[in-house]
Amino acid sequence: MLIVEMLSTGDEVLHGQIIDTNAAWLSDCFFQEGFPLSGRTTVGDNLNDLVHTLQARSQHADILIVNGGLGPTRDDLSTLAAATAAGGALS
C-alpha cells in the first residue's frame, strides 16, 4: 500500500491565522480515491525547517503532497526548499 503524506506550508497556517481548507479538501479527495493519508505536517515559512521536513518525510512517504507556499511572494519558499532538499538549484 502506498504511503501518502501531506506537507502544508506557511506561517499563517501554522499559527492558525487561516483555516487550511485546501488540506482538508485534498485529504478527502485522496481518501475517496482509495489513498488515505498516513500523515499531515505543517511547517512555517522557514527555509531550513522546510528543507529538513521535505527530506525527512520523503524518506518515509511514497507520495508527499505539498500544499501552499507556491505563490509569487517573498515568503513562499516551497520551490526553493524542494530544490535544496533534492540537492539542486532553481533555474
Side-chain angles (χ1 to χ4, degrees):
M1 184 168 179
L2 287 175
I3 298 173
V4 182
E5 293 190 9
M6 182 182 299
L7 171 60
S8 296
T9 67
D11 286 342
E12 67 280 4
V13 176
L14 183 63
H15 301 301
Q17 295 168 328
I18 65 167
I19 297 171
D20 194 355
T21 56
N22 288 338
W25 178 79
L26 281 169
S27 296
D28 184 53
C29 287
F30 274 86
F31 181 78
Q32 295 301 323
E33 293 298 322
F35 300 102
L37 298 184
S38 61
R40 280 178 35 188
T41 305
T42 302
V43 177
D45 296 314
N46 178 286
L47 183 60
N48 290 332
D49 291 344
L50 286 165
V51 169
H52 172 76
T53 302
L54 282 167
Q55 290 172 332
R57 299 323 312 150
S58 295
Q59 295 298 313
H60 181 260
D62 297 305
I63 298 171
L64 179 61
I65 303 155
V66 179
N67 171 34
L70 298 172
T73 62
R74 193 181 63 131
D75 64 338
D76 293 331
L77 302 170
S78 293
T79 53
L80 176 59
T84 303
L90 294 176
S91 43

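In this structure, the separation between OG1 on T21 and CG on L26 is 9.5 Å, given to the nearest 0.5 Å. If you take CG on L54 and CG on L7, they are separated by 5.5 Å, rounding to the nearest 0.5 Å. Expressed to the nearest 0.5 Å, how far CG of L80 lies from OG1 of T84 amounts to 4.0 Å. Here CD of Q32 is found 4.5 Å from CG of D28. Values are rounded to the nearest 0.5 Å. Here the CZ-OG1 distance, from R57 to T41, works out to 5.5 Å after rounding to the nearest 0.5 Å. The OG atom of S27 lies 4.0 Å from the CG atom of L37; values are rounded to the nearest 0.5 Å.
In terms of heavy-atom proximity, D11 sits nearest to G44 at OD1-CA, 3.2 Å. When every heavy atom of A61 is checked against every heavy atom of E5, the shortest pair comes out as CB-CG, 3.9 Å. Contact between Q55 and A85 at its shortest, heavy atoms only, is NE2-O, 3.4 Å. What you find for S78 and V66 is that their closest heavy atoms are OG-CG1, 3.9 Å. L50 and A81 get closest at one heavy-atom pair: CB-CB, 3.6 Å.
Side-chain atoms of F30 and I65, non-hydrogen and from C-beta on, do get closer than 4.5 Å to each other. Counting only heavy atoms from C-beta outward, the side chains of V4 and D62 never approach each other to under 4.5 Å. Within the 4.5 Å cutoff, the side chain of L77 has no heavy atoms near those of the T9 side chain. When side chains are defined from C-beta on, E12 counts as touching D45, because their heavy atoms get closer than 4.5 Å.
Both I63 and F35 are members of a single hydrophobic cluster when ILVMFWY side chains are connected at heavy-atom separations under 4.5 Å. Under a hydrophobic-cluster definition in which Ile, Leu, Val, Met, Phe, Trp and Tyr are linked whenever side-chain heavy atoms come within less than 4.5 Å, directly or via other members, L47 and L14 are assigned to different clusters. No single ILVMFWY cluster, assembled from side-chain heavy atoms under 4.5 Å apart, contains both I3 and M6.
More than 12 heavy atoms of other residues, nucleotides or ligands sit less than 6.0 Å from atom CD of Q17.
Remark: the backbone N or O of G68 is not paired with any side-chain donor or acceptor of S8 at under 3.5 angstrom.
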